[in-house]
Amino acid sequence: MSKPKIAIVVGSTRAARFADVPTQWIAKITKTHADIDVEVVDLRDWPLPFFDEVASSAWAPSQNEVAQRWQKKVAEFDGFIFTAAEYNHAPTAVLKNAIDYAANEWNKKPAGFVGYGSVGQLRLIAVELQMAPVKSAVHIAWGDFLAVRQGDKKLEEIEHLNQAAAALINDVAWWAKVLKAARAADAIASEAQAA
């Protein structure tokens, strides 16, 4: 079986976004993990309109061409790490919108989070999509955020964040392997029942 493929989803598209800093940092660490392949998926490259389909793609095919391509892209991956700003205790609108434009493509795959601002709400969304949120996470708290934003420190110089990142990546890699094998077994069983 091939190595699991993990997407690092950049959860902000603002011109002045901070997201590039944690994305580059977590991608560099993740790419050293020999058991997984990694790709950064930037929502700037996916100009999805605000959700305006007749129903979730779980119930009806999406009509929007970008949405259809987005669903195929999400389906390529065996797990996800989201870099997520959270404003007012919620993820960015663009990230929630992108999540809503796919449905079954997220199912039975691990989700990890690198959050800054208020963090934690994406876990509830991931559960609703039948993802497997991992316990380990990176929470860039206000003091660390300011130190990095002002140029006083780099993320890789903050040891507790490096430790959290290593634990997060190990969790996502382990669950991605296990759930990829389970999904493959389910597919074989479905084919056998259909024959």
Side-chain angles (χ1 to χ4, degrees), residues 4-28 30-31 36-134 137-140 145 149 168-169 172 175-176 179-180 183:
K5 188 174 178 183
I6 307 300
I8 298 174
V9 180
V10 186
S12 174
T13 58
R14 292 187 313 115
R17 70 184 182 185
F18 176 72
D20 295 317
V21 175
T23 298
Q24 291 167 6
W25 168 72
I26 199 72
K28 183 176 179 182
T30 306
K31 288 178 181 178
I36 54 176
D37 288 326
V38 180
E39 181 180 335
V40 173
V41 178
D42 192 336
L43 293 181
R44 285 180 175 169
D45 299 329
W46 299 91
L48 293 159
F50 279 114
F51 188 83
D52 190 26
E53 299 286 338
V54 297
S56 163
S57 62
W59 311 113
S62 295
Q63 301 302 305
N64 182 278
E65 180 187 340
V66 180
Q68 293 169 6
R69 288 190 293 114
W70 171 245
Q71 291 157 8
K72 289 177 185 170
K73 187 65 177 173
V74 171
E76 290 178 14
F77 297 103
D78 300 301
F80 305 91
I81 296 173
F82 297 93
T83 62
E86 293 199 10
Y87 309 114
N88 302 318
H89 296 280
T92 61
V94 70
L95 178 55
K96 180 62 167 71
N97 192 55
I99 289 170
D100 288 344
Y101 259 111
N104 299 328
E105 296 83 4
W106 303 110
N107 294 174
K108 301 175 183 174
K109 298 175 182 178
F113 309 98
V114 176
Y116 51 98
S118 303
V119 295
Q121 295 302 313
L122 276 175
R123 287 182 182 278
L124 299 175
I125 296 166
V127 169
E128 182 63 24
L129 290 165
Q130 297 185 50
M131 298 177 80
V134 300
V138 176
H139 300 287
I140 302 171
F145 174 83
R149 187 77 168 182
L168 164 67
I169 294 161
V172 170
W175 281 103
L179 292 174
K180 182 176 182 173
R183 289 192 315 275

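In this chain, numbering begins with 1 at the start of the sequence shown. Quantities reported herein were computed from a predicted structural model and do not represent experimental measurements.
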message: Quick one, I8 with V114, criterion side-chain contact (heavy atoms from CB on, under 4.5 Å). Give me CA distance, side-chain angles, the key distance, then yes/no.
response: CA-CA 10 Å; I8 298 174; V114 176; over 6 Å; no
- request: Could you grab the distance from atom NZ of K31 to atom CD1 of I36, nearest 0.5 Å is fine?
  value: 11.0 Å
- prompt: So how far is it from Q68 CD to Y101 OH, rounded to the nearest 0.5 Å?
  reply: 11.0 Å
query: How long is the gap from CD1 on I140 to CD1 on I26, to the nearest 0.5 Å?
result: 8.5 Å
- prompt: Quick one: salt bridge (Lys or Arg N to Asp or Glu O under 4.0 Å) pairs with a partner in residues 66-78, sequence neighbours left out?
  reply: K5-E76, E39-K73, K73-E76, D78-K180, D78-R183
Closest non-hydrogen atom pair between A111 and F82, with its separation: CB-CE1, 4.1 Å
task: Before giving the answer on side-chain contact (heavy atoms from CB on, under 4.5 Å), spell out for F77 and V41 the whole-Å C-alpha distance, their side-chain angles and the decisive distance to 0.1 Å.
output: CA-CA 11 Å; F77 297 103; V41 178; 3.7 Å; yes
- prompt: Between atom CD1 of I169 and atom OG1 of T30, what is the distance when rounded to the nearest 0.5 Å?
  reply: 3.0 Å
message: Within the structure provided, determine whether I99 and W106 are in side-chain contact (heavy-atom separation under 4.5 Å).
response: yes
message: Tell me if the CH2 atom of W46 is crowded by more than 12 foreign heavy atoms within 6.0 Å.
response: yes
Pairing residues for S62 by the side-chain hydrogen bond (donor to acceptor under 3.5 Å, both in side chains) criterion, not counting sequence neighbours: Q71
- prompt: Can you find a pair of side-chain heavy atoms, one from W25 and one from T83, that are under 4.5 Å apart?
  reply: no
- prompt: So do N104 and L129 actually touch side chain to side chain, heavy atoms under 4.5 Å?
  reply: no
- prompt: Can you say whether the rings of F145 and F18 are parallel (under 30°), tilted (30 to 60°) or perpendicular (over 60°)?
  reply: perpendicular
Considering all heavy atoms, the nearest V66-N64 contact: N-OD1, 2.9 Å
- request: Drop me the distance from L48's CG to W70's CH2, to the nearest 0.5 angstrom.
  value: 7.0 Å
task: Provide the full list of salt bridge (Lys or Arg N to Asp or Glu O under 4.0 Å) pairs with a residue in residues 42-66, sequence neighbours left out, each pair given once.
output: R17-D42
- line: Here the gap from S56 atom OG to D100 atom CG, rounded to the nearest 0.5 Å, amounts to 8.0 Å
query: If you look at every heavy atom in L168 and I81, which pair is closest and at what distance?
result: CD2-CG2, 4.2 Å
Taking every non-hydrogen atom, the tightest pair across A75 and K109: O-NZ, 3.5 Å
query: How close do A132 and L179 get, heavy atom to heavy atom, and via which atoms?
result: CB-CD1, 3.9 Å
- request: Kindly give the heavy-atom pair with the smallest separation between P110 and V134, and that separation in Å.
  value: CB-CG1, 4.3 Å
task: For residues L43 and S12, determine if any side-chain heavy atom of one lies less than 4.5 Å from a side-chain heavy atom of the other.
output: no
message: Could you go through S57 and E105, starting from their C-alpha distance and side-chain angles, then the distance that decides it, and tell me whether this counts as side-chain contact (heavy atoms from CB on, under 4.5 Å)?
response: CA-CA 10 Å; S57 62; E105 296 83 4; 4.3 Å; yes
